Amino acid sequence: MARSPNCTGAPLFKGRVDVSISYPDPDETPLETPVALPTSEPASPQVSFTLATKHLPIWSPYELPHSKMMMLYAGGKNTSGGTLTVYWRVKVNGANRSTGSNTNVGANAYWTLNSLNLPIPASVGDTVDVYLWASGANVELQYKAFACCPTRIGPYDIAIADVVVVLDGYYPVLTKGPNPNPTSPGPWRVPMSGTDQDLIFYLQSSASMRVIAPYPAWRLLRAFYGDGNTTNQANASATYMPYYSRNYRITRIAYTPLNLRV
Amino acid sequence: MDYRIAHPVIPDQSTGAGVMALDAQLRAVGAEGWGYSFADNTLTVSGPEGMDLSAFGVVEDG
């Protein structure tokens, strides 16, 4: 009797997969000389980053299938005596990606742009440009940062068993601004369906799963900020800058592939 | 509170004037911040509960 091509007899175990991921420090620059924002959109970007190999997480002993995801932050201070609006435009490889504003940057308050809706997958050589302006004089750009992390990690269309995901810390950790403050870290999503509207497990600490069959769209693990939640906003704060969103950091993934196509 | 509107009815965002025009419209209804994504043509607005954003499109649930 012919076997179903989708179930080649009893599930056969292949070799155990066990990889670790390490991360470079984010590309952070506190500006020695703050840049005054103009009061209309500038012709040239004040912030520009190009994704390079130095930004990439390092997998060992080999990479799992994944997509690269860029994360960009820019911040400064309203040194005027009144509340002002900070506007931005983000372009990727010269094409418009996002616009927006924060209308409520108070006198002597900080602002931080979180550009976490950049294209996925990113590729080495992709350039992100940020154009900033304000509704009045005396708003400064003081800081910029850029990082890259994996998302949509792992195999799909096969079942995997004894899955171990280790979360250790957060990424990125920004340290060079005047008073960094992260929001609650983004949990990793384990999609349990082929859409992003249905059942999802959220990982906020290391976890194990007996058996799972990831769907193609988001694979085994999907980042929250930057992918599942495409944050595109400027945070205002009297004390914090950068005031930023980030995710828990995955440092190890292990599983055993089953010879069971689903 | 954040509101999300797919396919919003808004000024052209390809110019700085369009960005500031949208900002003025949203500020007039109480918005504190907003972001527009060209990739999925979606507007996200931050502001107080109960904001009337019907002029910009249909606010998604949740």
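Please read all numbers here as calculations on a predicted model, not as lab measurements. Reminder, nothing fancy here: chain letters follow the sequence lines and each chain counts from 1.
Contacts between Ser37(B) and chain A at a heavy-atom distance below 4.5 Å involve backbone atoms as well as side-chain atoms. When heavy atoms are compared at a cutoff of 4.5 Å, Ser14(B) approaches chain A by way of both its backbone and its side chain. Only the backbone of Ala31(B) comes within contact range of chain A, judged by heavy atoms closer than 4.5 Å. Heavy atoms of Arg97(A) lying under 4.5 Å from chain B belong to its backbone as well as its side chain.
Counted within 6.0 Å of OH on Tyr243(A), heavy atoms from surrounding residues, nucleotides or ligands total 12 or fewer; the atom is thus considered open. By the 6.0 Å contact criterion, CZ on Phe201(A) is open, its count of non-hydrogen atoms from other residues, nucleotides or ligands being 12 or less. Few gaps surround CZ on Phe56(B); more than 12 heavy atoms of other groups in view lie less than 6.0 Å from it.
Closest approach of Thr39(A) and Met20(B) over heavy atoms only: O-SD, 4.5 Å. Heavy atoms only, all atoms of each residue included: Gly16(B) and Arg89(A) are closest at N-NH2, 3.5 Å.
Note: Gly35(B) leads Ser46(B), Gly35(B), Gly18(B), Ala17(B) in heavy-atom pairs under 4.5 Å with chain A.
Ser101(A) contributes no side-chain N or O that, together with a main-chain N or O of Gly33(B), makes up a donor-acceptor pair within less than 3.5 Å.
Once rounded to the nearest 0.5 Å, the distance linking OG of Ser98(A) with CZ of Phe38(B) reads 8.0 Å. Between the OG1 atom in Thr15(B) and the CD atom in Glu41(A) there is a gap of 7.5 Å [rounded to 0.5 Å]. Here the straight-line distance linking atom CG of Asp40(B) with atom OG1 of Thr230(A) works out to 6.0 Å at 0.5 Å rounding. Taken from OG1 in Thr85(A) to CD in Glu32(B), the straight-line distance is 11.5 Å, to the nearest 0.5 Å. Atoms OG and CZ, from Ser135(A) and Arg27(B) in turn, are 6.5 Å apart once rounded to the nearest 0.5 Å.
Screening Thr99(A), Asn102(A), Asn232(A) for a side-chain contact (heavy atoms from CB on, under 4.5 Å) involving Trp34(B) leaves a single residue, Thr99(A).
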